[in-house]
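Note that these values count all heavy atoms, side chains included, but never hydrogens, waters or copies made by symmetry.
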Amino acid sequence: MDAMSRAQGVCLAAVIAASVGVAAAATKEQVEAISAALRARDFDSAVTLARSALKASPDDAQLWTLEGIALSRKGDSRNALSSFEHALKLAPDYIAALEGAAQLHYQAGRRDAVPLLTRLIRLRPGDPTSHAMLAVLEYRDGNCQAAVAHFEDAGDLLNGELDAQHAYGTCLVRLRQLDRAIVVFQRTVSLHPDDARELRMAAAIQIMAA
């Protein structure tokens, strides 16, 4: 199910923003140069600059995270994940690295994202993007009780996402929360009035709840 394109974009933008803070071992100028290359979408230069800075500051979690961002933007997910994981070994609660690693695991459909997203929520309670990703992952694994809780905590983030709303409504039906499921499937029908699947589901739930 590909219900998270909007949330993924928000998350990746947040990773970049979170990494452009006060430099630790790296100089502020180095961090700003890498960040400027990322903003200009010059990802090859961003990787080169990050690796050059890492030679002098190999224990800087921020630099490893910036390298991971650049590599992920280049489409090199394997090496990007390695960079994010290296950053997390140095700083286990570094939010930008957690976001980057969770995003890559999520995109690959791996449950390895779950402990990372759970840690993010512990550090940033109420984060709707983390809850949204967890909701989808739990739904995929059939864990509807957990999925519904995360869908609720995602707030309005997924209200415009048809597949996510379908998953939410389906879980509510499985949990026999039919009145709430009706509301969700009314929303899916309003999103796509001509979608036969959603029309059938909405009608079937109305009959079940009668």
Side-chain angles (χ1 to χ4, degrees), residues 1-18 41 69 72-78 80-81 98-121 124-210:
M1 179 178 60
D2 184 16
M4 291 293 297
S5 57
R6 182 161 59 94
Q8 289 167 358
V10 170
C11 183
L12 200 49
V15 174
I16 294 175
R41 303 185 64 80
I69 294 167
S72 68
R73 289 287 192 163
K74 279 168 55 69
D76 188 351
S77 297
R78 183 176 64 84
L81 185 58
L98 283 169
E99 287 179 325
Q103 177 72 22
L104 291 175
H105 281 307
Y106 175 85
Q107 288 174 325
R110 294 189 291 262
R111 281 196 63 83
D112 302 76
V114 171
L116 299 172
L117 292 166
T118 301
R119 200 186 316 170
L120 275 169
I121 290 171
R124 237 176 15 191
D127 173 47
T129 300
S130 295
H131 281 295
M133 290 184 180
L134 281 168
V136 173
L137 289 169
E138 297 294 2
Y139 165 76
R140 287 173 177 169
D141 279 357
N143 302 325
C144 275
Q145 195 77 48
V148 164
H150 287 301
F151 275 121
E152 292 168 356
D153 287 334
D156 295 335
L157 182 63
L158 297 177
N159 281 356
E161 300 285 349
L162 178 62
D163 286 345
Q165 290 299 301
H166 183 90
Y168 182 22
T170 298
C171 271
L172 288 170
V173 172
R174 291 174 183 171
L175 295 175
R176 306 302 297 176
Q177 297 182 30
L178 299 182
D179 288 344
R180 296 174 64 196
I182 288 170
V183 173
V184 173
F185 279 105
Q186 286 173 342
R187 187 180 302 134
T188 68
V189 170
S190 70
L191 287 171
H192 287 270
D194 297 327
D195 190 310
R197 179 189 68 168
E198 303 309 314
L199 289 168
R200 285 196 302 270
M201 284 294 294
I205 297 164
Q206 291 280 0
I207 294 170
M208 291 169 62

Fill in: Check: D127 side chain, S130 main-chain N or O, donor-acceptor pair, under 3.5 Å
yes
Discussion item. If the threshold is 4.0 Å, N to carboxylate O, is there a salt bridge linking D163 and R140?
Written reply: no
Item to complete: Sorted by first residue and then second, give each ring pair (Phe, Tyr, Trp, His ring centres under 6.0 Å) pair with at least one member in residues 190-210; sequence neighbours left out.
Response: none
Worksheet entry | Close side-chain approach of M133 and Q103, heavy atoms under 4.5 Å | yes
Worksheet entry | side chain to side chain contact (heavy atoms under 4.5 Å, CB included) involving R41 - partner list, sequence neighbours excluded | F43, R73
Discussion item. I'd like to check the side chain to side chain contact (heavy atoms under 4.5 Å, CB included) partners of A113; sequence neighbours left out, ordered by chain and number.
Written reply: H105, Y106, L117, L137
Discussion item. What's the separation between atom CD1 in I182 and atom CE in M208, rounded to the nearest 0.5 Å?
Written reply: 9.5 Å
Discussion item. Could you work out, with side chain to side chain donor-acceptor pair (under 3.5 Å) as the rule, every residue matching D141, not counting sequence neighbours?
Written reply: R111
Worksheet, complete the sentence: Residues passing the side chain to side chain contact (heavy atoms under 4.5 Å, CB included) test with L199, sequence neighbours excluded, are V189
Fill in: Heavy-atom pair of closest approach, residues A164 and L158
CB-CD1, 3.9 Å
Discussion item. I need the full list of salt bridge (charged side-chain N to carboxylate O under 4.0 Å, His left out) pairs touching residues 167-179, with sequence neighbours left out, sorted by first then second residue.
Written reply: none
Fill in: Sequence-distant partners of D153, salt bridge (charged side-chain N to carboxylate O under 4.0 Å, His left out), two or more places apart
none
Worksheet entry | Smallest separation among heavy atoms of V148 and L175, with atom names | CG2-CD1, 3.7 Å
Fill in: Any residue meeting salt bridge (charged side-chain N to carboxylate O under 4.0 Å, His left out) with D112, in chain and number order, not counting sequence neighbours
none
Item to complete: Determine the minimum heavy-atom distance between L104 and L81, stating which atoms define it.
Response: CD1-N, 3.6 Å
Discussion item. How long is the straight-line distance from CZ of F151 back to CG of L157, given to the nearest 0.5 Å?
Written reply: 11.0 Å
When the side chains of residues 166-173 are checked against the rest of the protein, which donor-acceptor pairs come out under 3.5 Å, sequence neighbours left out?
from, atom 1, to, atom 2, distance (Å)
H166, ND1, E198, OE1, 3.2
H166, ND1, E198, OE2, 2.9
Y168, OH, R180, NH2, 3.3
T170, OG1, H166, O, 2.7

Worksheet, complete the sentence: Contacts of R187 meeting side chain to side chain donor-acceptor pair (under 3.5 Å) (sequence neighbours excluded), chain-then-number -> Q165
Worksheet entry | Spatial distance of atom CG (L120) from atom CG (L98) [nearest 0.5 Å] | 4.5 Å
